[in-house]
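Note sheet for the following structure.
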Amino acid sequence: VSINLCCYNGEKYLEETLQSIFSQTNRDWELVVVNDGSQDATEEIVQRHIREGWPIVYHYQPNAGLGASRNTALELSSGRFIAFIDQDDLWMPEKLERQIRLFKDPEVGLVFCDTIFFSPDGRSRRLYAKNPCCTGKCFSKLMTDYFLSLETVVIRRSALDSLGQWFNPRFNMIEEADLFRRIAYGWKLAMVDEPLAKWRVHPESWTWKIGHLVEEETETMLEMYSK
């Protein structure tokens, strides 16, 4: 498994995120870190763990945006499967082990799991506690009611390579939603129905800073699909 982690000034939570990766019961992984022009201690933190011997592929680049950064991480990835985590998210120890098992079905191109959204003030909720999700052929469901959360997703490399384009560098808010929808168009989805990840809700998150871009980018995506 190639774990893709794209960073931009994320020193506040990065160490906790890394430790959740290092604690995985599945040890057959590499961590691909793309530092997208951070001006904080991100590089120092990552380099310290490289010296400790962790299997980390590290790349620094001038700020290019999230879509471009995720593509760089994919280019540097050598695994048969790709997992995604952001600099402020967390994984439970058995996440990769439990999810990789579901790829025994050769028609499955993407595996996700339940996740916990949590905030600094102690509030939390399970994403799928009340919301129904979809497994199998889910393209239509993802178009009308998108339900995937990046930190939960693992994809098959051959599913990725079957696409004409990876992440669209024009997108900075829906880059993963666009990619996962296009995978779902030709592949089945499978799910571990337990919370194996945690998504941190905080005011520094891009989701809250530039959320208006979601609508603009979604319109662009729909125009592309209609063509």
Side-chain angles (χ1 to χ4, degrees), residues 1-7 17-18 20-22 24-36 46 54-59 61 64-87 89 91-113 115 133-139 142 146-171 174-192 196-197 221 224-225:
V1 185
S2 292
I3 303 166
N4 284 193
L5 171 58
C6 296
C7 302
T17 297
L18 291 172
S20 77
I21 295 170
F22 299 158
Q24 289 299 297
T25 55
N26 180 332
R27 310 299 294 179
D28 188 14
W29 55 262
E30 64 175 0
L31 173 60
V32 179
V33 179
V34 173
N35 183 349
D36 191 34
V46 175
W54 291 102
I56 298 173
V57 178
Y58 177 73
H59 174 80
Q61 63 186 25
L66 199 48
S69 297
R70 295 205 193 281
N71 280 335
T72 298
L74 290 175
E75 291 170 0
L76 296 170
S77 297
S78 60
R80 292 175 55 208
F81 306 98
I82 311 290
F84 303 93
I85 189 170
D86 281 341
Q87 62 195 18
D89 299 330
W91 283 352
M92 309 308 186
E94 294 186 353
K95 179 183 184 293
L96 292 181
E97 181 180 357
R98 297 281 303 279
Q99 289 186 281
I100 293 300
R101 296 173 187 168
L102 299 186
F103 285 104
K104 291 180 179 179
D105 181 346
E107 296 184 7
V108 169
L110 184 154
V111 176
F112 64 105
C113 62
T115 187
C133 55
C134 176
T135 57
K137 295 293 187 177
C138 299
F139 177 75
L142 288 170
Y146 185 78
F147 56 84
L148 295 173
S149 191
L150 178 83
E151 78 285 354
T152 75
V153 170
V154 183
I155 63 174
R156 190 188 298 271
R157 179 67 191 228
S158 58
L160 176 72
D161 291 340
S162 70
L163 304 176
Q165 182 183 43
W166 293 348
F167 288 104
N168 190 325
R170 297 173 61 183
F171 298 150
I174 68 161
E175 78 290 338
E176 81 282 0
D178 166 55
L179 177 68
F180 299 157
R181 283 178 173 124
R182 286 186 284 119
I183 289 176
Y185 187 76
W187 296 77
K188 289 164 55 177
L189 273 58
M191 178 194 186
V192 178
L196 300 178
M221 180 197 73
M224 295 172 61
Y225 287 7

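Note: hydrogens, waters and symmetry copies are ignored here, and every other heavy atom, side chains too, is used. Numbers here simply count residues along the sequence, with the first being 1.
- In plain terms, the two heavy atoms of Val32 and Ala73 that are nearest each other are CG1-O, 3.7 Å.
- Between Arg157 and Ile82 the shortest side-chain heavy-atom distance falls below 4.5 Å.
- For the residue pair Glu175/Asn168, the side-chain donor-acceptor check at 3.5 Å is not satisfied.
- Residues meeting the disulfide (SG to SG under 2.5 Å) test with Cys133, sequence neighbours left out: none.
- Looking at Leu66 and Phe167, their side chains never come closer than 4.5 Å, going by heavy atoms from C-beta outward.
- Nearest heavy atom pair, residue Gly79 against residue Glu30, reads N-OE2, 3.8 Å.
- Of the possible polar contacts, one joining the Arg156 side chain to the Val108 backbone as a donor-acceptor pair under 3.5 Å is found.
- With contacts defined as side-chain heavy-atom distances shorter than 4.5 Å, the pair Ile21/Trp29 qualifies.
- The heavy-atom pair separating Lys95 from Cys113 by the smallest distance is CE-SG, 4.2 Å.
- Atom CG of residue Leu196 and atom OG1 of residue Thr115 lie 9.0 Å apart, to the nearest 0.5 angstrom.
- Residue-environment remark: CZ (Phe147) exceeds the threshold of 12 foreign heavy atoms within 6.0 Å.
- The two residues Trp187 and Pro106 have their closest heavy-atom pair at CZ3-O, 3.5 Å.
- Looking only at side-chain heavy atoms (C-beta outward), Leu150 and Arg70 come within less than 4.5 Å of each other.
- In this structure, Leu102 and Val154 have side chains that are not in contact, with every pair of non-hydrogen atoms separated by 4.5 Å or more.
- Using a distance-only test at 3.5 Å, with no hydrogens or angles considered, a donor-acceptor pair links the side chain of Gln24 to the main chain of Met92.
- When each of Val33, Val57, Leu96 is checked for a side chain to side chain contact (heavy atoms under 4.5 Å, CB included) with Ile3, only Leu96 meets the rule.
- Within the 3.5 Å criterion, the main-chain N or O of Thr152 finds a donor-acceptor partner in the side chain of Gln99.
- More than 12 heavy-atom neighbours from other residues, nucleotides or ligands sit within 6.0 angstrom of CG on Asp105.
- Panel note: side chain Arg181, backbone Leu142; a donor-acceptor pair is recorded below 3.5 Å.
- Here the side chain of Arg182 pairs a donor or acceptor atom with the backbone of Trp166 at under 3.5 angstrom.
- Here the side chain of Trp91 pairs a donor or acceptor atom with the backbone of Glu151 at under 3.5 angstrom.
- Scanning all heavy atoms of the two residues, the minimum distance from Asp36 to Gln61 falls at OD1-NE2, 3.0 Å.
- In Arg101, the CZ atom is crowded: over 12 heavy atoms of neighbouring residues, nucleotides or ligands sit closer than 6.0 Å.
- The shortest non-hydrogen separation linking Thr17 to Asp89 is OG1-O, 2.8 Å.
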For a ring-ring contact (aromatic ring centres under 6.0 Å, His included) check, start with the C-alpha distance between Phe180 and Phe112, then their side-chain angles and the critical distance, and finish with the verdict. CA-CA 11 Å; Phe180 299 157; Phe112 64 105; 10.0 Å; no
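- Formation of a donor-acceptor pair under 3.5 Å by the Arg27 side chain with backbone atoms of Phe22 is found in this model.
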